[in-house]
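We use all heavy atoms of the structure for the numbers below, so side chains are in, but hydrogens, waters and symmetry mates are not.
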Amino acid sequence: MTLHPQPLAPALAAAEAAGRTTVRLDLHGVRDKAGLMRRCGDALRLPQWVGGNWDALADALRDLSWLPGAAEGRLVAVTGWRGYAEARPAEWETFVEVLEEAVGFWRERGPGPGLAVVLAEPEPEPGSESGPGPGRGGAPESGRGPTAGAPPRTPRLKRRRG
């Protein structure tokens, strides 16, 4: 399984139409692990027992009983992630690994509510010259396909410290 960046609006609309709980995790301005953990805690409404470390985040994403309205599953749309990925590539790789492991965990449980994660780029405002798009490393005009991202890789299953 690999996470690829996709346009945000179609993923959220499809998930909400299917009755999924959707959460937008905006990482714009996050430049360190502490900031990432705070942003995750706020956006995902993580319980207080979740500490600021990778293992606690991984455990929380395997539980999800604390995330309301999950009868049809959950979708986490991660936006504004490029700055963090560039500033802290090793931490970004670990974060992606945590997400991949959580998605895999829910997939292996079989039918029932699960977890999906989308790495998304916010769609530019109409008439805007900024943001992803044709010629700027974004999706083609059709809005289909990945905007950018790491090459596919098999997630490493390991416990993290810190």
Side-chain angles (χ1 to χ4, degrees), residues 1-30 35-85 91-126 131-133 138-150 152-157 160:
M1 173 198 55
T2 302
L3 303 174
H4 289 286
Q6 298 291 321
L8 180 58
L12 290 179
E16 290 169 0
R20 288 181 174 249
T21 297
T22 60
V23 176
R24 183 173 174 174
L25 174 57
D26 183 8
L27 300 182
H28 181 77
V30 173
L36 173 71
M37 293 297 174
R38 276 192 304 276
R39 197 68 59 92
C40 286
D42 292 345
L44 297 171
R45 298 177 300 270
L46 294 174
Q48 289 186 338
W49 60 261
V50 177
N53 64 66
W54 300 120
D55 288 338
L57 179 60
D59 290 344
L61 292 174
R62 286 187 189 105
D63 175 354
L64 295 181
S65 62
W66 44 266
L67 187 58
E72 298 301 322
R74 304 141 188 106
L75 171 71
V76 177
V78 183
T79 62
W81 54 272
R82 289 188 190 276
Y84 181 72
E91 289 176 9
W92 173 251
E93 184 175 334
T94 301
F95 180 60
V96 169
E97 181 180 294
V98 167
L99 296 175
E100 288 175 332
E101 288 175 7
V103 169
F105 171 83
W106 287 99
R107 182 174 289 137
E108 289 173 9
R109 289 191 61 157
L115 174 68
V117 176
V118 177
L119 296 183
E121 289 295 335
E123 295 176 12
E125 297 293 321
E141 287 184 6
S142 68
R144 297 184 193 140
T147 57
R153 64 178 172 80
T154 303
R156 295 178 308 248
L157 298 177
R160 292 154 297 281

ask   = Between Gly80 and Asp26, what is the shortest heavy-atom contact and its length?
value = CA-OD1, 3.8 Å
inquiry  = Working note: Phe95 + Trp92, criterion ring pair (Phe, Tyr, Trp, His ring centres under 6.0 Å); need CA distance, chi angles, decisive distance, verdict.
reply    = CA-CA 5 Å; Phe95 180 60; Trp92 173 251; 5.7 Å; yes
Nearest-0.5 Å distance, CG of residue Leu119 to CZ of residue Arg82 = 9.0 Å
inquiry  = Can you tell me how far apart CZ (Arg24) and OG1 (Thr79) are? Round to the nearest 0.5 Å.
reply    = 4.0 Å
ask   = Backbone N or O of Leu61 within a donor-acceptor pair of the Trp106 side chain at under 3.5 Å?
value = yes
task = Can you measure from CZ (Arg62) to CG (Leu115) and round to the nearest 0.5 angstrom?
result = 11.0 Å
query = Between Val23 and Arg74, is a side chain to side chain contact (heavy atoms under 4.5 Å, CB included) present by the stated rule, with each step listed?
reply = CA-CA 8 Å; Val23 176; Arg74 304 141 188 106; over 6 Å; no
message = For the CG atom of Asp59 and the CH2 atom of Trp49, what is their distance to the nearest 0.5 Å?
response = 6.0 Å
task = Considering non-hydrogen atoms only, spot the tightest contact between Ala56 and Gly51 and give its length.
result = CB-N, 3.5 Å
ask   = Under 4.5 Å between any side-chain heavy atoms of Val117 and Leu25, yes or no?
value = no
query = Would you find a donor on one side and an acceptor on the other, under 3.5 Å apart, between the side chain of Arg39 and the backbone of His28?
reply = yes
ask   = Is there side-chain contact between Glu91 and Tyr84, with heavy atoms separated by less than 4.5 Å?
value = yes
request  = Determine the minimum heavy-atom distance between Gly35 and Val30, stating which atoms define it.
outcome  = C-CG1, 3.7 Å
message = How long is the straight-line distance from CZ of Phe105 back to CG of Asp63, given to the nearest 0.5 Å?
response = 8.5 Å
key: Val103 and its side chain to side chain contact (heavy atoms under 4.5 Å, CB included) partner, picked from Arg107, Glu100, Glu101   = Arg107
